[in-house]
Amino acid sequence: MRLVLKPGRDKSLKRRHPWLFSGAIARVEGDPQRGDTVEVLSDSGQPLALAAYSPQSQIRARVWSFDTGRTIDAEFLRARLAGALALRAALPAARHSNALRLVHAESDGLPGLVVDRYDDVLVAQFLSAGAERWREEILDALAELSDCEAVYERSDAEVRALEGLEPRTGFVRGDRRAARCTIVEHGLSFHVDVEQGQKTGFFLDQRDNRQRVRALATGREVLDGFCYTGGFALAALAGGAKRVLALDSSAAALEVARENLAANQLEASRIEFVQADVFAHLRALRDRGARFGLVVLDPPKFAPTAAQAKNAARAYKDINLLAFKLLAPGGLLATFSCSGGVPAELFQSIVAGAAVDAGVAGKILERFAAAADHPVALEFPEGDYLKGLLIARN
Ligand code: SAH
């Protein structure tokens with residue numbers, strides 16, 4: 001089964017970008033079904049790649065291999081998984097944490113597959129037709145290659161619908177009645193609810209940035225705008241923050257955050273968790289004249305794709321403007337965007353605009369990205385979704 005490209009539409013594949021959009025395809029030969037492996041040919045008949053076919057998606061095929069002599073089978077996938085796991089095993093984080101992203105989809109040559117490890121449980125997401133097609137083989141290989149006792153499937157991300165796939169969750173290998181794990185990150189422990197938590201349960205990509213905030217928080221009044229289960233807030237407290245105010249709109253997340261506070265030997269009187277909408281609560285704090293020495297903003301993905309970038313820009317501008325108004329002179333803002341649709345330069349200009357509108361000046365001291373267990377393949381810049389700035393107010 002083959003996909004033949006339109007003339008001149010082979011450029012991105014030649015740069016080894018793994019996505020093939022529907023508009024680039026001249027014709028489909030054979031009758032490939034969802035997830036089947038197809039050979040991709042240029043209009044002149046040159047073999048370019050082996051890819052997984054996804055008839056309903058705009059991303060009509062995702063490349064497994066640019067070596068068209070390969071066979072895509074269980075052995076091929078096992079080797080890719082082994083490579084991804086070996087990369088993680090060599091990371092410094094593997095020595096101090098029992099929670100890592102083991103497979104980061106396209107960046108690990110496994111399009112649409114995400115696997116996170118939380119202690120002895122793996123959480124897997126099958127987010128593309130190709131990953132779904134090889135689900136059993138992938139699960140078998142994961143069970144064999146990792147020493148984890150159970151695999152929980154969290155294939156409930158919205159992107160699955162774009163591939164024509166239904167959501168699916170539950171234990172798929174091994175079993176553990178309470179799908180609760182305790183992980184350790186830079187010496188702090190966190191409960192992770194792999195069944196009900198957001199995404200796969202925890203935001204591992206911010207591991208090193210939380211550690212950075214911990215070092216910066218000493219002696220400061222800290223505001224953590226989108227605290228989820230307390231990641232940045234507890235890191236700031238552990239770093240010697242004078243006080244921490246942690247906000248989130250999710251009652252479930254705050255409940256776990258309070259458990260996480262109790263699970264660590266931290267001074268509970270110095271932290272307050274409040275269920276609130278950040279947009280409204282920051283305004284109320286501003287009206288009260290509140291001031292903070294360190295503000296952390298790690299909002300959810302406002303723009304998953306470039307199409308939502310405009311509305312997202314508005315939201316990023318609003319919260320960053322309010323944050324600048326709440327910063328004491330000399331205060332620090334650690335501000336993030338995990339929106340794939342908002343590139344780093346755009347994010348920086350939104351934040352710069354927010355400072356101007358807030359009437360304050362600041363300087364970028366550091367730039368943040370996702371931790372090394374979320375690598376970015378050079379040929380897949382879309383993998384570079386998390387960006388952040390550390391700004392000091394004048
Ligand atoms: N910083 C966290 C992860 C944040 S994820 C960590 O290190 O673990 C984004 C969080 O924003 C989620 O917990 C979500 O519940 C929360 N959220 C989304 N919209 C919100 C809003 N308008 N106001 C407050 N919290 C919001």
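Keep in mind that what you see is a predicted model, and the values were worked out from it rather than measured. Atoms within a ligand are numbered from 1 in the order they appear, just like the ligands themselves.
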Evaluate the criterion salt bridge (charged side-chain N to carboxylate O under 4.0 Å, His left out) for residue pair E267 and R270; output intermediate values, then yes/no. CA-CA 6 Å; E267 216 184 300; R270 288 191 287 125; 3.3 Å; yes
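- In terms of protein heavy-atom proximity, atom 23 (N) of ligand 1 is closest to V278 N, 2.9 Å.
- Among protein heavy atoms, atom 13 (O) of ligand 1 sits closest to D248 OD2, 2.7 Å.
- Heavy-atom distances between T229 and ligand 1 stay at or above 4.0 Å for every pair.
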For R207 and D373, run salt bridge (charged side-chain N to carboxylate O under 4.0 Å, His left out): C-alpha distance rounded to whole Å, both residues' side-chain angles, the deciding distance at 0.1 Å, then the answer. CA-CA 10 Å; R207 180 189 309 110; D373 51 339; 2.6 Å; yes
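- Checked against the 6.0 Å centroid criterion, the rings of W19 and F380 qualify as a close aromatic pair.
- Applying the 4.0 Å criterion to heavy atoms of A276 picks out, from ligand 1, the atoms 23 (N), 24 (C).
- Near F232, with a cut-off below 4.0 Å to any heavy atom, the atoms of ligand 1 are 1 (N), 7 (O).
- Looking only at protein heavy atoms, the nearest one to atom 1 (N) of ligand 1 is D298 OD2, 2.7 Å.
- Near S250, with a cut-off below 4.0 Å to any heavy atom, the atoms of ligand 1 are 15 (O).
- Nearest non-hydrogen protein atom to atom 17 (N) of ligand 1 is S249 OG, 3.4 Å.
- If you number the atoms of ligand 1 from 1 as listed, the ones under 4.0 Å from a heavy atom of Y228 come out as 2 (C), 3 (C), 4 (C), 8 (O), 13 (O).
- Both V115 and L85 belong to a common hydrophobic cluster when Ile, Leu, Val, Met, Phe, Trp and Tyr are linked at side-chain heavy-atom distances under 4.5 angstrom.
- For atom 22 (N) of ligand 1, the closest non-hydrogen atom on the protein side is D277 OD1, 2.6 Å.
- Near P300, with a cut-off below 4.0 Å to any heavy atom, the atoms of ligand 1 are 9 (C), 11 (O), 18 (C), 19 (N).
- At a heavy-atom cutoff of 4.0 Å, ligand 1 is contacted by the side chain of R210 but not by its backbone.
- For the residues F226, F203, F202, the heavy atom positioned nearest atom 11 (O) of ligand 1 is part of F226.
- F232 and F336 have their aromatic ring centers within a separation under 6.0 angstrom.
- To the nearest 0.5 Å, atoms CD1 (I391) and CG (L332) are separated by 10.0 Å.
- Between D224 and ligand 1, a contact under 3.5 Å exists for no N or O pair.
- Of the options V356, L282, V351, D357, a side-chain contact (heavy atoms from CB on, under 4.5 Å) to L321 is made by D357 and by none of the others.
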